Visitor: 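One structure coming up, written as structure tokens, with questions to follow.
Naming: A, B, ... by sequence-line order, numbering from 1 per chain. Note that this is a predicted model, so its numbers are computed, not measured.
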Amino acid sequence: MAEPTRDSLADVLDEIALLLELKGENPFKIRAYRNGAEVVRSFDGDILQRARDGELKGIKGIGDALQEKLHELASTGHLEFHENLKAEFPEGLFELFDVQGLGPKKVKALYEELKIASLGALKRAAEAGKIATLAGFGKKSEEKILAALAQKERFAGRFLLAEVAPHAERILAELRAHPAVSRAEVAGSYRRAKETVHDLDFLVATRKPAELTAHFAALDGIEEVIAHGDTKASIRLENGLQCDLRAISNAEWPFALMYFSGSKEHNVSLRQRALKQDLTLNEYHLAPVDGATRDDPTGKIKDEAGIYRELGLAYVDPALRENRGEIEAAESGDLPVLLEQENLRGTFHNHTTESDGRSTLAEMAAAARGLGFAYLGISDHSKSSFQANGLDEERLAAQVAAIAALNEDFDGFRLFAGTEVDILKDGSLDFADDVLATLDYCVASVHASFSMPEKEMTKRIIRAMENPHVTMMGHLTGRLLLRREPYPVNHDKIIDCAAETNTIIELNCSSKRMDMDWRWWHRARDKGVRCSINPDAHHVDHLQALHFGVRVARKGWLRREDVLNTLPLDEVSRWLQTPKDRRA
DNA sequence: GCCGTTTTCGGCCCGACTGTTTTCAGTCG
């Protein structure tokens with residue numbers, strides 16, 4: 001078995017939860033495993049080492065049983081309890097859970113009654129009409145299973161944040177235009193700025209809910225109406241994106257908006273907090289629990305901030321609602337003042353037609369000025385990236401000269417000459433130091449030899465960051481969302497190295513990257529690592545990605561002062577000219 | 001399986017929709 005990691009520990013706990021569900025175990029026990037997985041994922045510290053050392057005492061949500069299991073898992077790489085559970089069911093059974101409408105009870109019935117343990121077997125049984133004969137299933141269930149399987153084949157089921165944005169805005173505008181709607185919003189993971197979303201959750205405040213669900217179910221561009229009731233409807237767009245609508249009253253708005261914005265974990269935490277004050281929180285109200293003598297605050301709450309206030313908390317921005325410390329920070333008054341899009345003064349890491357971009361140097365400069373930026377960093381590929389038409393030393397020198405010539409004519413705007421230099425297999429760079437020294441800055445990225453063990457890849461990247469000419473680390477894990485897994489790196493070590501060497505880590509906000517992942521920024525920030533929000537633009541239109549970059553940066557708790565490209569031109573110029581070991 | 005300033009036992013967040021039922025279980029969010 002591969003070396004255990006934080007994620008593999010959490011994944012095993014989640015898998016145990018699923019297996020216990022299949023066995024029909026106590027639902028609260030199942031929840032304890034799920035909760036434990038979440039605690040492991042978001043724990044602030046080296047939980048892997050603590051698990052190895054058997055030092056997990058005192059972590060909320062990890063009791064005696066989970067402590068022992070995590071210790072066994074971290075120190076030996078496997079868990080007997082887990083292995084035994086797994087042995088009770090065939091491997092393929094797990095993929096059945098990905099079919100919409102199938103939960104543990106139905107999967108169990110399909111397996112026990114019809115010996116179905118794979119998507120293929122499920123399809124064959126449905127087509128043969130066998131499923132409709134099962135108790136608890138009927139003709140409709142069988143049709144739904146076939147439809148869900150077809151849908152699964154056509155669409156991955158998740159979408160990039162930037163990809164769904166136009167649909168979200170279009171539908172939102174149509175809902176707001178309806179005369180019976182007083183307020184409308186997109187809630188859910190879209191509002192929380194998750195890098196990928198599974199569906200869009202719309203919320204409207206109206207006195208005529210049934211009219212709105214009907215309006216929603218009749219929108220343009222719908223492939224299928226999945227469900228349509230008096231207060232709730234679900235549709236699927238032609239691109240496969242599922243959209244849900246909830247219609248509620250004006251008075252319920254703040255409660256519903258909070259509820260449907262999630263995350264689920266954030267909401268659960270708030271509910272538990274409410275219960276300590278004898279209050280029950282749901283999508284309709286924040287009211288006294290049965291039998292409590294206290295007053296009902298529901299009527300005086302007009303917005304989400306009012307709910308937080310009633311619970312003794314500062315307002316929590318939707319991007320932070322992931323139950324990763326934001327509630328504690330809201331209680332103690334330590335929530336960050338988050339970065340705003342208008343704080344950005346420029347951006348680094350952009351390509352031109354000189355390598356694999358589709359806009360020229362002059363076009364990129366004009367586009368950046370059009371957005372009101374004071375500077376734009378150009379960083380075309382280096383020679384090893386021959387697939388991307390990377391520049392050699394000679395072409396790079398010519399580009400530096402071309403940039404200098406353009407800068408002659410600018411007033412209050414500047415192009416910075418840089419490179420996106422390849423980090424070679426051994427951690428050395430594709431350009432020699434004396435070449436890098438001729439540039440304003442340097443982004444270093446991995447573009448080849450992805451399949452290395454974590455240790456080696458981490459060493460490779462650290463060696464690059466230790467170079468005095470490397471300003472920032474580009475797309476740290478090389479992931480392509482929904483397409484390519486990240487290569488394994490030790491984030492903790494890289495963050496520590498970035499802090500020590502004053503190397504910036506990029507938040508590459510190309511919609512398919514969003515790399516480094518938002519989950520790591522809070523920790524990086526606390527260690528003093530600075531971020532640069534870069535679109536990795538290969539066309540003038542790609543500069544728009546910065547909008548989503550800012551939203552994801554906010555999700556990573558980043559403030560204006562944590563982000564290099566919020567500095568005005570004179571300060572950022574001075575900063576780049578200061579030798580790396582003397583930069584603040 | 002976890003947790004505790006009402007508790008070391010008895011709670012654990014909860015409502016809408018669908019389909020298969022004839023009063024409700026399962027799934028989803």
Side-chain angles (χ1 to χ4, degrees), chain A residues 13 16-17 20-22 24-39 56-70 81 96-110 131-145 147-148 187-190 192 197-203 209-210 213 217 225-234 242-248 252 255-256 258-287 289 291-292 323:
Chain A
L13 295 186
I16 290 173
L20 293 177
E21 259 183 334
L22 273 175
E25 262 280 7
N26 173 0
F28 298 107
K29 185 194 270 198
I30 292 159
R31 186 187 298 172
Y33 277 97
R34 290 243 156 79
N35 182 50
E38 210 36 54
V39 170
L56 293 169
K57 233 180 181 42
I59 299 176
K60 203 160 176 293
I62 310 286
D64 292 340
L66 261 63
Q67 283 179 42
E68 268 182 40
K69 291 190 171 72
L70 286 170
F81 176 72
L96 297 189
F97 285 93
D98 295 334
V99 178
Q100 188 158 48
L102 293 188
K105 298 282 162 55
K106 292 198 163 169
V107 168
K108 190 175 185 218
L110 289 167
I131 287 175
T133 65
L134 282 184
F137 292 78
K139 199 70 209 153
K140 270 270 175 68
S141 324
E142 194 167 81
E143 283 166 16
K144 284 217 152 186
I145 285 173
S189 51
Y190 181 80
R192 299 201 315 278
V197 301
H198 173 251
D199 59 12
L200 290 175
D201 297 298
F202 293 91
L203 189 65
T213 55
V225 176
I226 300 167
H228 177 188
D230 283 345
T231 63
K232 186 177 164 176
S234 291
Q242 182 175 331
C243 300
D244 299 334
L245 175 76
R246 287 292 289 248
I248 45 97
E252 293 160 347
F255 309 101
M258 170 177 278
Y259 182 88
F260 291 109
S261 293
S263 68
K264 198 172 145 199
E265 291 75 18
H266 180 85
N267 288 348
V268 166
S269 244
L270 287 182
R271 279 209 199 98
Q272 287 167 347
R273 190 178 172 89
L275 282 173
K276 288 187 188 146
Q277 298 178 33
D278 273 352
L279 292 167
T280 168
L281 177 64
N282 62 21
E283 60 259 61
Y284 304 117
H285 58 228
L286 175 64
V289 295
N323 200 30

Visitor: Any chance the side chains of Asn267(A) and Glu265(A) put a donor and an acceptor closer than 3.5 Å?
Guide: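 Side chains of Asn267(A) and Glu265(A): no pair found under 3.5 Å.
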Visitor: For the side chain of Ala227(A), counting heavy atoms from C-beta on, which of dC13(B), dT18(B), dC12(B) is nearest?
Guide: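 It is dT18(B).
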Visitor: In this structure, how many angstroms lie between the P atom of dC2(B) and the NZ atom of Lys69(A), rounded?
Guide: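 From Lys69(A) NZ to dC2(B) P: 8 Å.
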Visitor: Does Tyr284(A) contact dG15(B) through a side-chain donor or acceptor facing the base, at a distance under 3.5 Å?
Guide: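 Per atom types, no contact qualifies.
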Visitor: If you assign Gly136(A) and Arg31(A) each to the DNA chain B nucleotide with the nearest heavy atom, which residue ends up on the more 5' nucleotide?
Guide: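 The answer here is Arg31(A).
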Visitor: If I compare all heavy atoms of Ala32(A) with all of Leu66(A), which pair ends up nearest, and what's the gap?
Guide: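 Minimum heavy-atom contact is O-CD2, 3.9 Å.
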Visitor: dC17(B) phosphate, OP1 or OP2: any side-chain N/O from Thr231(A) under 4.0 angstrom?
Guide: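 For dC17(B), OP1 or OP2 has a side-chain N or O of Thr231(A) closer than 4.0 Å.
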Visitor: Looking at dT27(B), I'd like to know if its phosphate oxygens (OP1 or OP2) sit under 4.0 Å from a side-chain N or O belonging to Lys144(A).
Guide: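 Indeed not, no polar side-chain atom of Lys144(A) lies that close.
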Visitor: Testing the basics here: between Val197(A) and Tyr190(A), what is the closest heavy-atom pair and its distance to 0.1 Å?
Guide: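 Closest approach of Val197(A) to Tyr190(A), heavy atoms only: CG1-N, 3.9 Å.
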Visitor: Between C1' on dG15(B) and CZ on Arg246(A), what's the gap in Å once rounded to a whole number?
Guide: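 Atom-to-atom, Arg246(A) to dG15(B), this comes out as 7 Å.
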Visitor: Could you work out which one of dT20(B), dC2(B), dT27(B) sits closest to the side chain of Ser141(A)?
Guide: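 For the Ser141(A) side chain, the nearest candidate turns out to be dT20(B).
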Visitor: Do the side chains of Glu21(A) and Lys105(A) get close enough for a salt bridge, i.e. N-O under 4.0 angstrom?
Guide: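 Result for this pair is no, no salt bridge flagged.
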Visitor: Could you tell me which non-hydrogen atom of Gly103(A) sits nearest to which non-hydrogen atom of Phe97(A), and how far apart they are?
Guide: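 Taking every non-hydrogen atom into account, C-CE2, 4.0 Å.
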Visitor: Is Asn26(A) side chain donor-acceptor paired with the dG1(B) base, going by distance under 3.5 Å alone?
Guide: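 Under the 3.5 Å cut-off, the side chain and the base do form a donor-acceptor pair.
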Visitor: Considering heavy-atom distances to DNA chain B, does Ala233(A) or Gly138(A) have its closest nucleotide positioned more toward the 5' end?
Guide: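 Closest to the 5' end, via its nearest nucleotide, is Ala233(A).
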Visitor: Identify which nucleotide among dG29(B), dC13(B), dG1(B) has an atom closest to any side-chain atom of Tyr33(A), counting heavy atoms from C-beta outward.
Guide: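 My answer, after comparing the listed nucleotides, is dG1(B).
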Visitor: Of the listed nucleotides (dG4(B), dT20(B), dG1(B)), which one gets closest to any side-chain atom of Lys60(A)?
Guide: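 Of the options given, the side chain of Lys60(A) lies nearest dG4(B).
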Visitor: Measure all distances between protein nitrogen or oxygen atoms and nitrogen or oxygen atoms of nucleotides 22-24 of chain B, and list the pairs falling under 3.5 Å.
Guide:
none

Visitor: When syn is taken as a glycosidic angle within 90 degrees of 0, is dT7(B) syn or anti?
Guide: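 Syn, since the glycosidic angle lies within 90° of 0.
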Visitor: Does Ser234(A) place a side-chain N or O at less than 4.0 Å from the phosphate oxygens OP1/OP2 of dC17(B)?
Guide: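 Answer is no, no contact under 4.0 Å.
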Visitor: Inspect the contact between Glu142(A) and Lys139(A) and indicate whether a charged nitrogen and a carboxylate oxygen are less than 4.0 angstrom apart.
Guide: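 Looking at Glu142(A) together with Lys139(A), the answer is yes, because their closest N to O distance falls below 4.0 Å.
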Visitor: Roughly, in whole Å, what's the span from CZ in Phe97(A) to C1' in dT27(B)?
Guide: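 Going from CZ in Phe97(A) over to C1' in dT27(B) covers 12 Å.
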Visitor: Nearest whole angstrom, please: distance from the P of dG26(B) to the NZ of Lys106(A).
Guide: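 Result: 9 Å.
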Visitor: Measure from the side-chain heavy atoms of Asp244(A) and tell me the nearest of dG29(B), dG19(B), dC13(B).
Guide: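 The answer is dG29(B), which lies nearest to the side chain.
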Visitor: Measure from the side-chain heavy atoms of Phe28(A) and tell me the nearest of dG29(B), dT20(B), dG1(B).
Guide: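 For the Phe28(A) side chain, the nearest candidate turns out to be dG1(B).
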Visitor: Considering only side-chain heavy atoms of Gln100(A), which listed nucleotide, dG29(B), dG1(B), dC12(B), is closest?
Guide: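 Nearest to the side-chain atoms of Gln100(A), counting from C-beta on, is dG29(B).
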Visitor: Going by salt bridge (charged side-chain N to carboxylate O under 4.0 Å, His left out), name the residues that satisfy it together with Lys29(A), two or more places apart in sequence or in a different chain.
Guide: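 Lys29(A) satisfies salt bridge (charged side-chain N to carboxylate O under 4.0 Å, His left out) with Glu25(A) only.
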Visitor: Check the distance between dC28(B)'s C1' and Ile226(A)'s CD1 and give it to me in whole angstrom.
Guide: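 In whole Å, dC28(B) C1' and Ile226(A) CD1 are 12 Å from each other.
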Visitor: Nearest to the side chain of Lys232(A), heavy atoms from C-beta on, is which of dG19(B), dC2(B), dA16(B)?
Guide: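 Nearest nucleotide to the side chain: dA16(B).
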